[in-house]
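I am attaching a structure below and will ask some questions about it afterwards.
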There are 2 protein chains.
Amino acid sequence: MENDIFRELKYLAFTARLKRISDNMLYNAKDLYKELELDIDPNWHLIFMMFKEKDTLTMTEIADAFQISQPAVIKIINKMKQKEYLIFTKDATDSRKQLLQLSAKAKENLPKLEKVWEAGRKSIMEILEGNETILEQLDEIENQISKMNYKQRVLKNLQDD
Amino acid sequence: MENDIFRELKYLAFTARLKRISDNMLYNAKDLYKELELDIDPNWHLIFMMFKEKDTLTMTEIADAFQISQPAVIKIINKMKQKEYLIFTKDATDSRKQLLQLSAKAKENLPKLEKVWEAGRKSIMEILEGNETILEQLDEIENQISKMNYKQRVLKNLQDD
DNA sequence: TATATTTGCATAACTAGTTAAGTAAATTAA
DNA sequence: TTAATTTACTTAACTAGTTATGCAAATATA
């Protein structure tokens, strides 16, 4: 590990390091669910969390909240439907909309799933121990990117020569 | 942005936030290279950096340094070869090994590419301004994960109930 | 009220990673 | 010195995201 090129490169490898960590956590989570014989995907817990606050959601609401593309949401949601965790109904007043709700199966499984997610939350707390300010730093970073994104900044910095 | 579920969820959404940021940067970088009409991929600059220290590399050396899988390295390297940025030769003493070297085309293009990477480095510095300690925090986080990974921690925390 | 624009969802093709499984060469051990 | 193991690379199938494009319904506008 001492000879880790990512650490040497500092700023230049920042994105690659975020990717390396998030990929590692993602594949760990997939592996975990497999071992626990749970037929769910790692990103579903965020969807479940949204349903805690509102029992009916649309694709667009989820895409907005997660800031991912609509096609990405459609894939996640269709898989949840296929595995019978969600029910789709057409909106009576706007037939373009798919109204999404948790199924009975989802609600039945919720207590078991919440135990796993709580253990996950604790695990992240352990991993971040002593470095909790990273969460506020991520806020700040996303804030900076929303003001001017990476591409725009590079183009600006190229001109400044 | 005030209503961002990821920020509310704190620890539970940590991984998703890392992914969101790194994906955003990745697609920005791809878009940037396209606009600048450079036929290179965002992750190539790390490979080029490795060639600064050693002019001949193998697939395995790259996989170890980046901590990504061999198949991932093969894909990156084959594309660099296909675009004529790399030359492959078989190791004379160990015919399993592919020796990789930068091509003449790569060396010619290097000054132009390095300008872009330097502007990229500056851009990351801007984005991280005031939050530079995130780099050490990422070190610490990777260190924690290497001691006990996410999956192992969740399994442990599930037992502790 | 006909037309133009916007919104919500869907599909296709692509990308950068993964795991699983396999082959051939090199090395180690009986 | 044969057999077993390890190493270096490869291929196939999968995953979770992206952009580009399209369509139909709803809304705004002339």
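Here is how names work: the chains are called A, B, and so on, in the same order as the sequence lines, proteins then strands, and each is numbered from 1.
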Original post:
If you pin A:R96 and B:V73 to their nearest nucleotides in DNA chain C, which one's is more 5'?
Top reply: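 Its nucleotide being nearer the 5' end, the pick is A:R96.
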
Original post:
Where the side chain of B:Q70 is concerned, which of C:dT18, C:dA12, D:dC9 is the nearest nucleotide?
Top reply: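 Nearest listed nucleotide: D:dC9.
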
Subject >> Toward the 5' end of DNA chain D, by each residue's nearest nucleotide, A:K75 or B:F88 >> reply: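 Mapping each residue to its closest nucleotide by heavy atoms, the 5'-most match is B:F88.
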
Original post:
Within the structure, does a side-chain N or O atom of B:S69 lie under 4.0 Å from either OP1 or OP2 of C:dG17?
Top reply: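 Answer is no, no contact under 4.0 Å.
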
**OP:** Assess whether atom CD of A:E114 is packed by more than 12 heavy atoms of other residues, nucleotides or ligands within 6.0 Å.
**Re:**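 Yes, because the 6.0 Å sphere around CD of A:E114 holds more than 12 heavy atoms from other groups.
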
Original post:
Under 30°, 30 to 60°, or over 60°: which ring-plane class applies to A:F48 and A:Y85, parallel, tilted or perpendicular?
Top reply: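 A:F48 vs A:Y85 ring planes: perpendicular.
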
Original post:
Choosing from D:dA16, C:dT15, C:dT18, which nucleotide comes nearest the side chain of A:L26?
Top reply: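 Out of D:dA16, C:dT15, C:dT18, the nucleotide with an atom closest to A:L26's side chain is D:dA16.
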
**OP:** Calculate the interatomic distance between A:F66 atom CZ and D:dT18 atom P; express it in whole Å.
**Re:**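 Taking CZ of A:F66 and P of D:dT18, I get 12 Å after rounding.
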
Original post:
Nearest-Å distance, CD1 (B:I47) to C1' (C:dA16)?
Top reply: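 Rounding to the nearest Å, CD1 of B:I47 and C1' of C:dA16 are 13 Å apart.
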
Subject >> Value in whole Å for how far the P atom of C:dA10 lies from CD1 of A:I77 >> reply: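 Distance check: A:I77 CD1 to C:dA10 P gives 10 Å.
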
Original post:
Nearest to the side chain of B:A72, which nucleotide is it out of C:dA16, C:dA10, C:dT18?
Top reply: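 Nearest to the side chain of B:A72 among the choices is C:dT18.
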
Original post:
For C:dT19, does OP1 or OP2 lie under 4.0 Å from any side-chain N or O of A:K34?
Top reply: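 Looking at the OP1 and OP2 atoms of C:dT19, neither is under 4.0 Å from any side-chain N or O of A:K34.
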
Original post:
Do you reckon A:L99 sits in the same ILVMFWY cluster as A:V73, going by side-chain contacts under 4.5 Å, direct or chained?
Top reply: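 Different hydrophobic clusters.
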
**OP:** Using distance alone, with no hydrogens and no angle criterion, decide if B:T133 and A:Q137 have a side-chain donor and acceptor under 3.5 Å apart.
**Re:**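 Distance-only check passes for B:T133 and A:Q137.
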
**OP:** Look at the side chain of A:I68 and decide which nucleotide, out of C:dT11, D:dG17, C:dA16, has an atom nearest to it.
**Re:**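 Comparing C:dT11, D:dG17, C:dA16 against the side chain of A:I68, the answer is D:dG17.
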
**OP:** Establish, with yes or no, whether the OP1 or OP2 oxygen of D:dC9 is under 4.0 angstrom from a side-chain nitrogen or oxygen of B:K90.
**Re:**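 Checking B:K90 against D:dC9: no side-chain N or O falls below 4.0 Å of OP1 or OP2.
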
**OP:** May I ask you to verify if any side-chain N or O of A:T60 is less than 4.0 angstrom from the OP1 or OP2 atom of C:dC9?
**Re:**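 Indeed, a polar side-chain atom of A:T60 lies that close.
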
Original post:
Within the pair A:Q98 and C:dA10, is there a side-chain N or O less than 4.0 Å away from OP1 or OP2?
Top reply: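 Yes, A:Q98 has a side-chain N/O under 4.0 Å of OP1/OP2 on C:dA10.
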
Subject >> Whole angstrom value for the distance that separates C1' of D:dA16 from CG of B:D23 >> reply: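 My rounded result for the distance is 8 Å.
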
Original post:
Just to confirm, is there a sub-4.0 Å distance from OP1 or OP2 of D:dG17 to any side-chain nitrogen or oxygen of A:N43?
Top reply: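 Indeed, a polar side-chain atom of A:N43 lies that close.
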
**OP:** Quick one: label B:D41 by what it contacts on the DNA or RNA (base, sugar-phosphate, nothing), any heavy atom closer than 4.0 Å.
**Re:**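 Here B:D41 touches the backbone only, sparing every base.
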
Original post:
In terms of side-chain heavy atoms of B:K97, which of C:dG8, D:dT10, D:dA8 is nearest?
Top reply: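 Of C:dG8, D:dT10, D:dA8, D:dA8 is nearest to the side chain of B:K97.
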
Original post:
Counting side-chain heavy atoms from C-beta on, which of C:dA16, C:dA20, C:dG17 comes nearest to B:I76?
Top reply: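 From the listed options, C:dG17 comes nearest.
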
Original post:
Taking atom types as modelled, is there a side-chain donor on A:N157 or B:E126 under 3.5 Å from an acceptor on the other?
Top reply: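 There is such a pair (donor and acceptor under 3.5 Å, judged by atom type) between the side chains of A:N157 and B:E126.
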
Original post:
Please give, in whole Å, the distance from D:dA16 C1' to A:Q67 CD?
Top reply: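 That distance rounds to 17 Å.
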
Original post:
Hey, does B:S22 reach any base, or is it just sugar-phosphate, or nothing, if we go heavy atoms under 4.0 Å?
Top reply: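 Contact class for B:S22: none.
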
Original post:
So, is A:S95 close to the D:dA26 phosphate, meaning a side-chain N or O under 4.0 Å from OP1 or OP2?
Top reply: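 Yes, because at least one side-chain N or O of A:S95 sits under 4.0 Å from OP1 or OP2 of D:dA26.
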
**OP:** Using heavy atoms to find the nearest nucleotide of DNA chain C for A:Y27 and A:D94 separately, return the residue whose nucleotide is more 5′.
**Re:**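 That would be A:D94.
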
Original post:
Are there more than 12 heavy atoms of other residues, nucleotides or ligands under 6.0 Å from atom NZ of B:K112?
Top reply: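 No, because the 6.0 Å sphere around NZ of B:K112 holds 12 heavy atoms or fewer from other groups.
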
Original post:
What integer distance in Å separates B:I40:CD1 from C:dT15:C1'?
Top reply: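 From B:I40 CD1 to C:dT15 C1': 16 Å.
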
**OP:** Could you check how far CD1 of B:I21 sits from C1' of D:dA16, rounded to whole Å?
**Re:**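 These atoms are roughly 17 Å apart.
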
Original post:
Please give, in whole Å, the distance from C:dT7 P to A:D64 CG?
Top reply: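 Between P of C:dT7 and CG of A:D64: 11 Å.
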
